[in-house]
Amino acid sequence: TLRKLNSGDIFGIEKYFAGSAREHRAGLQSSDERDALYEALNAFTARLCVHGRLRALALTVLDEFVSNALYNAPVDASGAKRFGDLHRATPVTLGGDERVEVRFCADGRRLGLSVVDPFGSLKMESLRGTLVRGLRRGAQRWDRDTGGAGLGFFCAFESLSHLVVNVEPGRRTELIGILTLRDTYREFLVSGKSLNMFTVPATSASSTAEVES
């Protein structure tokens, strides 16, 4: 965290993993490519012998991160969401210069997922409100089928050991999820959780980053 604050370089899942960590990279521009991406994550975690329930949590998190990048993040010139009101089963395709970048990392102790979109439209205030409402109300009172990042972000946070949100407004958003790989699923459930939110002013990528925990 201190290194990110001092440098202003907040992006990149590699900041949380050593150079020897295993990694998989992918990209997508269409919702039709999601199934292949999920199969890639299943294969990646299977090779690492990740506990089956943790593999399911990782898939839940990746689905939310990708859905956010495809449906919630894209905005038009006026800042209005292009696909935010669509059901998540509705096919969407991004422009040629709007590719979403995805990375998986693992070092034997932790599994990490990163999804970067080129829009930078995620509002920290909105995300904070979403998490607070989820913690107060519980997931059962959210509408899973409507647009928006309500239930999804809350479920992603509940499924992770560590959630990192990096935003450069108007340019890009990166969601990083890290799961600590425990010997048993019960150990994972009782382990602690943490959240970091980093923002870089859109006017200068080298400006000092701001962080919330």
Nearest-0.5 Å distance, OG1 of residue Thr184 to CG of residue Leu189: 8.5 Å
Contacts of His51 that satisfy side chain to side chain donor-acceptor pair (under 3.5 Å) - sequence neighbours left out: none
Partner set under salt bridge (Lys or Arg N to Asp or Glu O under 4.0 Å) for Glu158, not counting sequence neighbours: none
Nearest atoms (heavy-atom pairs only) where Thr45 meets Arg55: OG1-NE, 3.3 Å
Shortest non-hydrogen contact from Gly112 toward Ile13: C-CD1, 3.6 Å
SB check Lys81 Asp76 (cutoff 4.0 Å): no
Heavy-atom donor-acceptor pair, Gln29 side chain to Gly95 backbone, under 3.5 Å: yes
Test item: Phe157 and Val61 side chains (from C-beta on) under 4.5 Å apart, heavy atoms: no
For Tyr71, all residues meeting ring-ring contact (aromatic ring centres under 6.0 Å, His included), sequence neighbours excluded: none
Candidate pair Leu111 and Ile178, rule side chain to side chain contact (heavy atoms under 4.5 Å, CB included), full reasoning: CA-CA 6 Å; Leu111 169 67; Ile178 298 174; over 6 Å; no
Separation of Thr1 OG1 from Ile10 CD1 (nearest 0.5 Å): 11.5 Å
ring-ring contact (aromatic ring centres under 6.0 Å, His included) against Phe44, all qualifying residues, sequence neighbours excluded: Phe104
Qualifying residues under salt bridge (Lys or Arg N to Asp or Glu O under 4.0 Å), relative to Arg53, sequence neighbours excluded: none
Sequence-distant partners of Arg186, salt bridge (Lys or Arg N to Asp or Glu O under 4.0 Å), two or more places apart: none
Gap between atom CG of Leu181 and atom SG of Cys49 - 0.5 Å precision: 11.0 Å
Atom pair CZ/CG of Phe153 and Leu127 - distance to nearest 0.5 Å: 5.5 Å
Residues forming a salt bridge (Lys or Arg N to Asp or Glu O under 4.0 Å) with Arg99, sequence neighbours excluded: Glu101
4.5 Å side-chain heavy-atom contact, Ile176 and His162: no
Contact check, side chains of Val164 and Leu175, non-hydrogen atoms, under 4.5 Å: no
Trace of the salt bridge (charged side-chain N to carboxylate O under 4.0 Å, His left out) decision for Asp9 with Lys15: CA-CA 10 Å; Asp9 177 16; Lys15 293 178 174 60; 3.3 Å; yes
Val66 vs Leu70 side-chain heavy atoms within contact, under 4.5 Å: yes
Reported OH-to-SG distance for the pair Tyr16 and Cys105, which is rounded to 0.5 angstrom: 12.0 Å
Give every donor-acceptor pair under 3.5 Å between a side-chain atom in residues 115-125 and any protein atom, sequence neighbours left out.
{"unit_1": "Asp117", "atom_1": "OD1", "unit_2": "Phe119", "atom_2": "N", "d": "2.8"}
{"unit_1": "Asp117", "atom_1": "OD1", "unit_2": "Gly120", "atom_2": "N", "d": "3.3"}
{"unit_1": "Ser121", "atom_1": "OG", "unit_2": "Ala73", "atom_2": "O", "d": "2.7"}

Ring pair (Phe, Tyr, Trp, His ring centres under 6.0 Å): pairs with one or both residues in residues 174-197, sequence neighbours excluded: none
His24 versus Ala26, closest heavy-atom pair with distance: NE2-CB, 4.1 Å
Side chain to side chain contact (heavy atoms under 4.5 Å, CB included) evaluation trace for Phe83 with Thr90: CA-CA 9 Å; Phe83 310 125; Thr90 304; over 6 Å; no
Sidechain-backbone polar pair: Ser161 side chain, Thr180 backbone, donor-acceptor under 3.5 Å: yes
Val102 side chain reached by Leu37 side chain, heavy atoms, under 4.5 Å: yes
Hydrophobic cluster identity match, Leu2 and Met197, side-chain contacts under 4.5 Å: no
Val190 with Leu195, same ILVMFWY side-chain cluster at under 4.5 Å: no
side-chain contact (heavy atoms from CB on, under 4.5 Å) against Asp107, all qualifying residues, sequence neighbours excluded: Phe17, Ala21, Arg109, Arg110
Flag side-chain contact, heavy atom, 4.5 Å: Ser67 against Asn72: no
Note, Val167 side chain near Val200 side chain (heavy atom, < 4.5 Å): no
Residues that Asn166 engages under side chain to side chain donor-acceptor pair (under 3.5 Å), provided they are two or more places apart: Lys4, Glu174
Rounded distance (nearest 0.5 Å) linking atom OG1 of Thr93 with atom CD of Glu98: 10.5 Å
Inter- and intrachain pairs under salt bridge (Lys or Arg N to Asp or Glu O under 4.0 Å), touching residues 24-39, at least two apart: Glu23-Arg25
Minimum heavy-atom distance between Ser159 and Leu179, given as atom pair plus value: O-CD2, 3.6 Å
